[in-house]
Amino acid sequence: MATPLSPQSGSSLSPFKTIAVVGLGTMGTGIAEVLVKAGREVIGIDISEAQAARSRTALEASTARAVARGRLTEEERAEALARVRVSTDLRTAADADLVIEVAPESYEIKQQIFRELDGIVRPETILATGTNALSVTRLAADSARPERMLGLHFFNPAPAMKLVEVVSSVLTAPQAVAAVTDLAVELGKEPVAVGDRPGFVADGLLFGYLNQAAAMYEARYASREDIDAAMRLGCGLPMGPLALLDLIGIDTARTVLEAMYAESHDRLHAPAPILKQLSEAGLTGRKSGRGFYTYEAPGSATVVPDALTPATGGTLTAGREIRSVGVAGSGTMASGIAEVFAKAGYEVVLAARSEEKAQTAKARIGKSLARSVDRGRLTAEAAAQILDRIAPAGSYEAFAGVDLAVEAVAEDLEVKRQLFQALDKVCKPGAILATTTSSLPVVACARATSRPQDVIGMHFFNPAPAMKLVEVVRTVLTADDVHATVREVCGKIKKHAVDCGDRAGFIVNALLFPYLNNAIKMVQEHYASLDDIDAAMKLGGGYPMGPFELLDVVGLDVSLAIEKVLHREFRDPGLAPAPLLEHLVAAGCLGRKTGRGFREYARR
């Protein structure tokens with residue numbers, strides 16, 4: 001008899017010619033579509049006759065769309081549909097070479113299915129669970145042949161998403177992992193090998209981040225719209241975390257987090273109470289028509305206004321007139337901010353500790369504008385006019401007449417305090433003083449002045465000319481008209497302002513850096529490789545960069561400093577910087593800027 005993992009006679013495909021999919025919800029139907037398009041015989045099984053019929057109808061509709069788009073011929077569609085049969089009887093899986101279970105996330109349900117399958121399928125048939133939250137090991141241990149059981153975690157929508165996590169337990173035979181990995185490649189997917197722990201890689205990192213976003217909203221630190229906009233615009237994510245929770249299903253997210261917390265006992269995984277409240281109220285997201293947002297109808301993606309939707313028409317508080325702006329600093333951020341204000345028509349004083357540094361910063365802006373001219377985004381005349389609006393200065397005394405002073409100096413609290421003391425003496429009464437700090441307390445800068453009501457945070461993101469987000473950080477002392485003025489200014493410089501309070505990390509860094517820290521812990525614990533984690537988050541989470549790519553770009557020293565601030569502020573053990581990050585920084589491996597961080601880079 002042929003071994004269970006050898007190719008079948010006369011077939012160029014992997015050993016899996018006939019594949020059963022148990023559970024024909026959205027995910028199961030999507031997996032069935034992927035399989036049938038790849039030439040497999042598919043047996044779709046669901047306990048509900050109505051659901052099985054809906055799945056068949058959905059496959060007919062999706063293949064009809066493929067024909068309309070020229071991706072399939074009518075003949076190919078007919079052949080594909082002929083390879084699919086649906087049933088409500090688990091015994092129809094008897095001929096399957098591989099069974100993929102995609103039933104609801106319940107040990108009882110899944111164990112019952114696998115117990116029944118043990119008495120139905122051939123001894124060599126491989127059994128795969130599509131769970132994203134439950135222990136593959138626990139499911140396998142209850143099986144008659146645990147060595148043939150593993151996890152095969154597709155992402156929704158399965159036809160479009162490239163990532164597949166292949167999950168092996170300590171009981172799984174290596175040949176089974178190899179065969180299923182080969183299948184994933186043949187399906188046009190990118191498989192990553194992971195061990196068995198709740199959430200695996202992609203969801204393990206993603207759901208911790210989503211949970212923190214829910215907790216941030218629950219604490220009324222920022223509005224749902226501002227949290228979502230901050231992560232989209234500040235990190236380049238396709239969706240904000242609260243909108244994504246509504247898409248995934250708040251009840252599903254809560255189940256995943258419960259499983260993660262049971263395993264890790266990490267408070268970052270303890271489901272935010274609001275997830276329980278919404279779930280038990282039936283407000284599970286898009287599928288119910290209401291979750292964090294309200295939707296046009298159950299299943300709709302169209303958000304409609306509700307009682308929490310921010311009022312349009314702006315603030316009732318009158319702002320101050322801003323005609324000229326001072327930017328303090330000579331680095332990349334200072335240059336970028338000065339360019340942004342000059343492009344918006346403001347007269348800008350760019351001041352540094354010396355005339356030479358200020359001139360160098362202005363020259364950097366000139367090169368940036370020249371690149372825009374070369375790309376056809378600006379005319380040479382417009383670029384010259386923008387540059388003429390920037391006056392370099394070797395002393396902060398030049399800020400005497402500005403209406404708004406924005407500091408972008410070193411991320412050192414004592415340096416910033418000294419600067420604000422100087423600005424307090426130099427700037428005229430009524431001038432607004434803003435800090436671009438990303439992690440330090442704004443109120444500490446404010447208290448260094450005699451006018452703390454005029455001090456606010458304006459956290460730009462790098463590169464400032466390209467990044468649309470500004471976090472507007474009010475302290476408990478900031479005046480209403482100062483806040484209103486800065487919001488108005490953000491609109492004039494074409495930035496999206498989000499409001500947040502004066503606490504470590506504000507919105508973006510408070511959600512981003514714990515995620516990055518957890519990715520480091522995965523590598524530190526030898527759970528998955530750098531490459532697999534980066535691939536998982538790009539392919540499964542829609543991130544523009546994997547966590548280790550991003551860490552090396554940001555700088556490991558910068559990342560460590562922010563992690564320390566977050567840990568000191570919130571005092572959560574789960575926020576303690578990963579020892580591996582501390583070791584790399586101590587060794588001088590700071591990322592791209594030193595040629596080596598988590599990866600090595602060619603010296604320029």
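- In terms of heavy-atom proximity, M161 sits nearest to G540 at CE-O, 3.6 Å.
- Once rounded to the nearest 0.5 Å, the distance linking SG of C589 with CG of L581 reads 11.5 Å.
- One N or O on the side chain of D534 and one on the backbone of F548 form a donor-acceptor pair closer than 3.5 Å.
- Taking every heavy atom of both residues into account, A253 and L245 meet most closely at CB-CD2, 3.5 Å.
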Task: Stepwise side chain to side chain donor-acceptor pair (under 3.5 Å) check, S169 with D196 - done: CA-CA 6 Å; S169 76; D196 181 26; 5.9 Å; no
With a 3.5 Å cut-off and sequence neighbours excluded, list the donor-acceptor pairs that the side chains of residues 19-39 form with protein atoms.
residue	atom	partner	partner atom	Å
T29	OG1	L24	O	3.2
T29	OG1	G25	O	2.9
T29	OG1	S55	OG	2.9
E33	OE1	S62	OG	3.3
E33	OE2	K37	NZ	2.7

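- Between T92 and L90, the closest side-chain pair of non-hydrogen atoms is not below 4.5 Å.
- A cation-pi contact, defined as under 6.0 Å to the ring centre and within 45° of the axis, links R138 to Y107.
- Judged purely by atom type and a 3.5 angstrom limit, E549 uses its side chain to pair as donor or acceptor with the backbone of G546.
- Using a cutoff of 4.0 Å between basic side-chain nitrogens and carboxylate oxygens, E190 and K538 are not scored as salt-bridged.
- For the atom pair R596 CZ and L590 CG, the distance stands at 11.5 Å (nearest 0.5 Å).
- Note on R599 versus D531: salt bridge recorded, some NZ/NE/NH1/NH2 to OD/OE distance being below 4.0 Å.
- In this structure, the side chains of L210 and I248 come closer than 4.5 Å at one or more pairs of heavy atoms.
- In terms of heavy-atom proximity, I533 sits nearest to A528 at CG1-CB, 3.8 Å.
- In this structure, R115 pairs ionically with D142, as a charged nitrogen and a carboxylate oxygen lie closer than 4.0 Å.
- Of the possible polar contacts, one joining the E165 side chain to the A202 backbone as a donor-acceptor pair under 3.5 Å is found.
- Here the side chain of Q524 pairs a donor or acceptor atom with the backbone of L580 at under 3.5 angstrom.
- Side chains of Q112 and E108: a donor-acceptor N/O pair is absent below 3.5 angstrom, by distance only.
- Here ring-ring contact (aromatic ring centres under 6.0 Å, His included) pairs that include residues 510-533, with residues two or more places apart or in two chains, are Y515-Y543.
- The shortest heavy-atom contact between F200 and L134 is CZ-O, 4.2 Å.
- To the nearest 0.5 Å, the span separating OH on Y209 from CE on M537 amounts to 9.5 Å.
- Nearest approach of V84 to R56, heavy atoms of both residues: O-NH1, 2.8 Å.
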TODO: Take R254 and S279 through the test side chain to side chain donor-acceptor pair (under 3.5 Å) and record every step on the way to the result.
DONE: CA-CA 8 Å; R254 181 185 166 206; S279 295; 4.6 Å; no
TODO: Mind running side chain to side chain donor-acceptor pair (under 3.5 Å) on T252 and T255 for me, showing each step along the way?
DONE: CA-CA 5 Å; T252 301; T255 299; over 6 Å; no
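- Using a 4.5 Å heavy-atom threshold, the side chains of N509 and L566 count as separate.
- We find the CZ-CZ distance between R122 and R148 to be 10.0 Å, quoted to the nearest 0.5 Å.
- The two residues M545 and V553 make their nearest non-hydrogen contact at CE-CG2, 3.5 Å.
- By the 4.0 Å N-to-carboxylate-O rule, K593 lies close enough to D557 to be salt-bridged with it.
- Note that CD of E582 is 10.0 Å distant from CD1 of I520, once rounded to the nearest 0.5 Å.
- Two residues are said to be in side-chain contact when any heavy atoms from C-beta on lie closer than 4.5 Å; D572 and H567 fail this criterion.
- With a 6.0 Å radius and a threshold of 12 heavy atoms from other residues, nucleotides or ligands, I47 has its CD1 atom at or below the threshold.
- Between Y293 and Y295, the two ring planes are perpendicular [angle over 60°; tilted spans 30° to 60°].
- At a threshold of 4.5 Å between non-hydrogen side-chain atoms, the residues L81 and E60 count as touching.
- Between E105 and K110 a salt bridge is recorded (basic side-chain N to carboxylate O distance below 4.0 Å).
- With respect to the salt-bridge test (charged N to carboxylate O, under 4.0 angstrom), the residues R40 and E186 qualify.
- Looking at T125, its side chain does come within 3.5 Å of a backbone N or O of A96 through a donor-acceptor pair.
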